[in-house]
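Per chain, numbering begins at 1; letters A, B, ... match sequence-line order.
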There are 2 protein chains.
Amino acid sequence: MAEKDENSRTLNEREQSILHHVVQNYIQTAVPVGSRYISKHFESGLSAASIRNVMADLEEFGFLSHPHTSAGRVPTDLGYRFYIDYLMEMQQLSDEDKLKIQRRLDQAKDAEELLRETSKLLGKISHQLGIVTSPHLGSGIFEKIELIPITSSKLLVVISIRTGIVRTIMMEIGAEIRRDHLDEVSRLMNERLSGLTLIEIRDSFLDRIRDVQGEHTGLIRLFIESVDQLFTDSKEHDKVLIGGTKNIIDHPEFVDPKNFRSVIELIENEDIIVHLLEKHDELQKGFVVTIGSENKDETAKEYSFITGTYDAEGVTGRVGIIGPTRMNYSRVIPLVDYVAQTIAKMLSA
Amino acid sequence: MAEKDENSRTLNEREQSILHHVVQNYIQTAVPVGSRYISKHFESGLSAASIRNVMADLEEFGFLSHPHTSAGRVPTDLGYRFYIDYLMEMQQLSDEDKLKIQRRLDQAKDAEELLRETSKLLGKISHQLGIVTSPHLGSGIFEKIELIPITSSKLLVVISIRTGIVRTIMMEIGAEIRRDHLDEVSRLMNERLSGLTLIEIRDSFLDRIRDVQGEHTGLIRLFIESVDQLFTDSKEHDKVLIGGTKNIIDHPEFVDPKNFRSVIELIENEDIIVHLLEKHDELQKGFVVTIGSENKDETAKEYSFITGTYDAEGVTGRVGIIGPTRMNYSRVIPLVDYVAQTIAKMLSA
DNA sequence: GGTAAGCACTCATTGAGTATTAGTGCTCGC
DNA sequence: GCGAGCACTAATACTCAATGAGTGCTTACC
């Protein structure tokens with residue numbers, strides 16, 4: 001179908017078929033696959049020697065590689081890329097799995113728990129690391145704001161978003177502020193900001209509120225100064241939930257303690273993941289797959305990231321999985337896709 | 001000093017000394033320590049053979065054990081216990097470490113971040129897993145309650161505690177409730193509950209509020225039904241933050257992938273940790289150490305838990321570390337102690 | 001009775017050497 | 001272009017002996 005694509009044109013029918021088999025076999029067995037094996041099991045028409053020739057070509061193109069001379073072939077990141085883009089057939093998610101997901105996630109009592117459960121569930125079903133980023137509220141629609149004095153110097157700001165998600169921020173204030181002033185200011189903001197997204201508010205707050213004069217100036221100025229903190233997802237909040245560590249370590253790649261460390265590194269250093277997922281956010285288009293060295297970070301060079309977007313009325317985030325480049329893409333991608341849709345629905349409800 | 005204690009009386013001077021050396025040496029090197037080594041390095045007066053005799057006795061008492069015939073001795077959990085209770089000398093925390101702790105924790109912007117940083121920092125300095133439980137608010141002193149309608153069926157309850165900690169709970173309500181009713185009810189509760197601890201409130205809520213009649217009955221009934229959810233730390237909330245995984249895996253005990261799995265198991269299954277820490281809460285007395293099989297859980301049988309309490313005006317929790325039974329107790333205990341005191345101060349401020 | 005020297009014994013660890021095996025690359029005849 | 005054959009390579013697995021750390025026990029000494 002992708003005949004005219006540049007990449008695919010460089011491989012003829014036979015080369016594609018053999019690459020396909022090598023990748024699939026390697027994904028299943030984690031053992032470098034040899035020419036003889038392919039010949040016996042799949043391409044019965046061809047002898048091992050012929051397949052060796054094709055493999056040598058594929059290696060030259062950069063799709064396969066050799067751990068050492070006398071070993072079988074292993075896909076490179078480029079090999080996986082080609083496989084995913086042109087060869088792979090998606091595997092339907094089983095009804096059983098779908099049901100399991102529904103049932104498990106239905107039990108979550110709030111958004112926080114839903115996301116946490118999702119990460120664990122993804123990890124469990126995929127046998128990889130499940131990841132979920134907490135929602136970006138930026139495109140969520142402002143419903144209302146409430147100001148609650150906590151102590152003389154602390155003010156709790158509650159911003160509620162249309163989907164029913166609530167954000168609370170503790171603000172330091174200079175001096176105590178009278179309750180009726182707070183009420184007046186919040187009334188004012190609710191009036192003027194209703195229906196906008198948080199991003200719109202952040203960008204136009206000054207214009208919309210500037211004219212307020214009189215006894216509220218001090219309080220208003222405080223809000224103007226804090227507008228970023230209030231209406232932008234703080235870096236802080238850009239958290240990623242990771243679940244299912246114990247599922248991933250069964251993979252044969254983790255007999256090498258080096259890989260073990262790298263996965264721990266990833267889990268502890270959420271920043272790395274957050275950073276790599278920013279690229280996913282840019283790419284968007286349903287689900288995104290980045291394979292091994294396509295991830296710019298050194299620690300993540302052996303891992304693939306697969307994520308999809310969930311969008312609940314503007315409140316968006318990503319769900320997905322992380323695992324060794326050798327993973328069952330055809331199974332995992334539909335899984336991520338389905339889970340993303342499911343939690344989007346649940347968050348909107 | 002503990003001469004008359006039952007346990008210590010069973011060991012004479014020499015036995016204690018040798019046990020001491022074995023434990024210390026094993027903690028440092030992770031290598032079973034032999035009689036010859038002890039003779040050479042410490043008890044110069046005695047020959048290896050004599051030391052062997054003493055060791056054999058210590059083994060009979062259950063303080064030492066033998067991985068296999070031709071290996072040196074290794075402390076048992078009981079051996080560590082004796083060491084900690086009677087032999088060990090605490091190592092003062094260095095000023096440098098103290099400064100580092102102060103500086104790092106001072107940067108935290110809120111309680112949540114403070115606790116998270118603490119867990120990481122503890123992990124890093126101790127080279128073990130750092131753990132921090134989120135505060136139990138039960139003995140915290142009620143300051144006030146605020147009720148904020150979010151949607152027609154959702155009510156945000158904000159309870160603030162004297163130290164400035166705030167708890168927010170989303171409550172489902174049957175039907176929309178008029179704002180002035182909410183205000184009236186919260187005013188009432190604030191009036192009647194002020195100064196009590198959350199536990200006191202939970203236990204006496206009905207008595208204190210029962211007499212309210214008239215148009216608020218419905219709302220009041222709702223609160224009476226939800227009193228547990230509002231004023232008790234939900235199981236849910238009994239979270240434990242774990243930090244520093246990458247620090248712990250350098251220990252030689254983790255060359256065995258079996259141990260690797262068990263530590264992952266612990267990290268993923270917070271429940272296990274929470275449960276084991278309940279026992280610590282019972283024991284209290286500053287810091288608590290449980291060693292290996294003293295922890296009832298199978299997964300934790302190879303690990304020691306050391307925790308201390310932090311108490312910020314009734315808001316309490318535990319900080320500590322988890323690591324293999326072979327750990328530098330004399331260094332880690334003062335560390336945990338100091339950190340506990342530090343964050344208690346910071347949370348109270 | 002405590003101490004230590006001596007000796008036999010145990011068992012994990014190491015390293016060398018060897019065989020095995022999976023697989024390649026290349027050549028050559030069909 | 002295909003495939004059979006063969007030399008070559010490298011990892012892996014296995015055996016075997018040597019090493020060495022350390023114990024347990026017996027016995028002699030003070």
| So, is B:Arg73 near the phosphate of D:dG24, with a side-chain N or O under 4.0 Å from OP1 or OP2? | yes
| message | Taking A:Glu294 first and then A:Arg81, would you say they form a salt bridge - that is, a charged N and a carboxylate O separated by under 4.0 Å? | response | yes
| Atom CG of B:Asp57 and atom P of C:dG1: how far apart are they, to the nearest Å? | 15 Å
| query | B:Ala49 near the nucleic acid: base, sugar-phosphate alone, or nothing, with a heavy-atom cut-off under 4.0 Å? | reply | base
| task | Calculate the interatomic distance between B:Ile51 atom CD1 and D:dC25 atom C1'; express it in whole Å. | result | 18 Å
| query | Measuring from B:Tyr83:OH to B:Phe63:CZ, what's the distance to the nearest 0.5 Å? | reply | 15.0 Å
| remark: To the nearest angstrom, the NE2-P distance between A:His68 and C:dG23 comes to 10 Å
| message | Side chains of B:Asp97 and B:Leu335, heavy atoms from C-beta outward: is any pair under 4.5 Å? | response | no
| query | How many Å lie between OH on A:Tyr37 and P on C:dT21, as a whole number? | reply | 19 Å
| said: Nearest whole Å is fine: how far is D:dC29 P from B:Leu46 CG? | reply: 21 Å
| field | DNA chain C: 5'-proximal contact among B:Ala48 and A:Glu59 (nearest heavy atom) | value | B:Ala48
| remark: Which of C:dA4, C:dT24, D:dC2 is nearest the side chain of A:Ser35? It is C:dT24
| task | Look at the side chain of B:Thr69 and the base of C:dT10, then say whether one donor and one acceptor between them are separated by less than 3.5 Å. | result | no
| query | Whole-Å distance between D:dC2 C1' and A:Ile18 CD1? | reply | 13 Å
| In whole Å, what is the span from the CD atom of B:Glu15 to the P atom of C:dT3? | 11 Å
| task | Answer whether the closest heavy-atom distance between the side chains of A:Ile273 and A:Ile322 falls below 4.5 Å. | result | yes
| query | Just checking A:Pro32: base, sugar-phosphate only, or nothing, at a heavy-atom cut-off of under 4.0 Å? | reply | sugar-phosphate
| A:Asp250 with B:Arg261: basic N within carboxylate O range, under 4.0 Å | yes
| task | Starting at atom CZ of B:Arg52, determine the distance to atom P of C:dC9, rounded to an integer number of angstrom. | result | 16 Å
| request: Compare side-chain N and O positions of A:Ser47 against OP1 and OP2 of D:dC2 and report whether any pair is under 4.0 Å apart. | output: no
| Side chain of B:Ser70, base of C:dC11: donor and acceptor closer than 3.5 Å? | yes
